[in-house]
Amino acid sequence: KAQNIIGLRVLSDNVIWLWKKDKTVVVIDPSIHEPVIKYIDENNLHLKAIFQTHHHSDHIGGTKHLIERWPDVKVIASSKEKKRIPFQNISVADGETFKILGEEVKIIEVLGHTNSHISFFLKGKNPVLFIGDTLFSGGCGRIFEGTFQQMYNSLERIKSLPRNTLIYCAHEYTKANLLWALNLNPKDKDIKNKLLQVEKKLSLNELTIPFLLDEELKINLFLRA
């Protein structure tokens, strides 16, 4: 992996991603604060920014405490969510870009799960996408506020990214998603093989995410729709 990105498992199945460069770190969707503060302190890091993909409490729950600890932190969120993510201090919209940790980050709006969900795309030679709850390995997010058409359009946007994009979603749902997909397509070899890999990783207590877009296009029934 070109980027130095660490996943912290929290709650029952959330993953908080920490993107590190030298002694600086960006946190993506901090559902709770304690493990984030512990990791930052133990590794003598400085919190530069928090990326918020959407307003759900298991994505923003830790942000308030992190701001108290690091008052100069940039909280980057959708300009449509000023009420539900009130502590944002950098408001962004679809298609905007900004630079952080020496990388260019592009905002890609991916509506469906909520009506303002955004993702953070790091271009570069080895592209990275922080997708929140729009896409999971083997599945996609539930439609809470948006429409099915919006979710379909969002998945099409993801599909148009470079095939070598490494996708970081916010939940460890892979095994359940693949069992569901295999139930629908019992003869699918790609899904079967992926399930074996996933079960092996889980038995070693490893995360099954991130995942490559190229591989996901073969196993994710929503991306194949």
Side-chain angles (χ1 to χ4, degrees), residues 1-78 81 85-90 92 98-105 107 117-122 124 126-137 141 165-175 198 200-212:
K1 278 173 219 170
Q3 300 290 350
N4 193 2
I5 300 170
I6 287 96
L8 299 180
R9 283 193 180 91
V10 298
L11 306 177
S12 59
D13 50 42
N14 278 67
V15 182
I16 301 172
W17 299 108
L18 293 99
W19 167 28
K20 288 196 308 184
K21 186 163 186 192
D22 304 322
K23 284 290 173 189
T24 309
V25 67
V26 172
V27 174
I28 295 89
D29 285 346
S31 41
I32 55 176
H33 63 280
E34 295 95 333
V36 176
I37 290 175
K38 184 171 182 279
Y39 185 89
I40 290 175
D41 284 352
E42 282 174 0
N43 292 279
N44 196 21
L45 303 170
H46 175 72
L47 180 60
K48 174 99 174 159
I50 298 168
F51 291 176
Q52 304 281 193
T53 62
H54 63 297
H55 72 276
H56 288 157
S57 62
D58 64 331
H59 292 256
I60 67 169
T63 303
K64 195 168 141 290
H65 289 278
L66 296 175
I67 296 168
E68 285 165 8
R69 178 71 197 276
W70 290 277
D72 62 339
V73 68
K74 297 179 166 90
V75 182
I76 303 169
S78 169
E81 282 299 2
I85 309 179
F87 36 70
Q88 61 177 283
N89 49 33
I90 295 183
V92 289
F98 61 90
K99 276 202 102 153
I100 198 158
L101 303 192
E103 297 275 345
E104 191 169 294
V105 180
I107 301 300
H117 198 301
I118 58 172
S119 63
F120 295 83
F121 181 59
L122 281 53
N126 298 293
V128 163
L129 181 69
F130 294 109
I131 195 62
D133 285 0
T134 300
L135 183 73
F136 303 114
S137 187
T165 300
L166 200 53
I167 300 177
Y168 289 81
C169 63
H171 291 275
E172 176 63 87
Y173 289 159
T174 315
K175 185 180 175 181
V198 161
K200 190 178 175 192
K201 278 186 173 170
L202 291 173
S203 73
L204 297 169
N205 203 28
E206 292 173 7
L207 284 168
T208 68
I209 45 181
F211 51 91
L212 271 176

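Numbers for residues simply follow the sequence, beginning at 1.
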Is it the case that the side chain of [X] and the backbone of [Y] share a donor-acceptor pair, with hydrogens and angles ignored and the cut-off at 3.5 Å?
{"X": "Gln52", "Y": "Gln88", "result": "no"}
{"X": "Asn14", "Y": "Val10", "result": "no"}
{"X": "Lys48", "Y": "Thr24", "result": "no"}
{"X": "Asp29", "Y": "His56", "result": "no"}
{"X": "Glu172", "Y": "Thr208", "result": "yes"}

Contact summary for [X] and [Y], nearest pair of heavy atoms:
{"X": "Trp17", "Y": "Cys169", "result": "NE1-O, 2.7 Å"}
{"X": "Leu8", "Y": "Pro35", "result": "CD1-O, 3.7 Å"}
{"X": "Asp58", "Y": "Ser31", "result": "O-CB, 2.8 Å"}
{"X": "Ile100", "Y": "Ala49", "result": "CD1-CB, 3.4 Å"}
{"X": "Ile60", "Y": "His54", "result": "CG2-O, 3.5 Å"}
{"X": "Ile118", "Y": "Ser78", "result": "CD1-N, 3.7 Å"}

For residues [X] and [Y], determine if any side-chain heavy atom of one lies less than 4.5 Å from a side-chain heavy atom of the other.
{"X": "Lys74", "Y": "Asn89", "value": "yes"}
{"X": "Leu66", "Y": "Pro30", "value": "yes"}
{"X": "Trp19", "Y": "Asn4", "value": "no"}
{"X": "Arg9", "Y": "Asn205", "value": "yes"}
{"X": "Ile76", "Y": "Phe98", "value": "yes"}
{"X": "Ile16", "Y": "Tyr39", "value": "no"}

When rounded to the nearest 0.5 angstrom, what is the spacing between [atom1] in [X] and [atom2] in [Y]?
{"X": "Ile209", "Y": "Lys201", "atom1": "CD1", "atom2": "NZ", "value": "10.0 Å"}
{"X": "Tyr168", "Y": "Phe51", "atom1": "OH", "atom2": "CZ", "value": "13.5 Å"}
{"X": "Leu166", "Y": "Ile5", "atom1": "CG", "atom2": "CD1", "value": "7.0 Å"}
{"X": "Ile67", "Y": "Arg69", "atom1": "CD1", "atom2": "CZ", "value": "14.0 Å"}
{"X": "Leu18", "Y": "Ile6", "atom1": "CG", "atom2": "CD1", "value": "6.5 Å"}
{"X": "Ile50", "Y": "Ile90", "atom1": "CD1", "atom2": "CD1", "value": "11.5 Å"}

- request: Apply the side chain to side chain contact (heavy atoms under 4.5 Å, CB included) test between Ile167 and each candidate in Phe130, Phe136, Phe211, Phe121; give the one that qualifies.
  value: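 When Phe130, Phe136, Phe211, Phe121 are each tested with Ile167, the side chain to side chain contact (heavy atoms under 4.5 Å, CB included) holds only for Phe211.
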- request: Report yes if the distance between the aromatic ring centroids of His59 and His171 is under 6.0 Å, otherwise no.
  value: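 Yes, they do, as the ring centres are separated by less than 6.0 Å.
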- prompt: Is the shortest distance from a Lys or Arg side-chain nitrogen in Glu42 or Lys38 to a carboxylate oxygen in the other one below 4.0 Å?
  reply: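 Looking at Glu42 and Lys38, the cut-off is met.
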query: Just wondering, are more than 12 heavy atoms of other shown residues or ligands nearer than 6.0 Å to NZ in Lys20?
result: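 For Lys20, atom NZ is crowded (more than 12 foreign heavy atoms under 6.0 Å).
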Neighbour count above 12 (heavy atom, 6.0 Å) for Lys200 NZ: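 Open.
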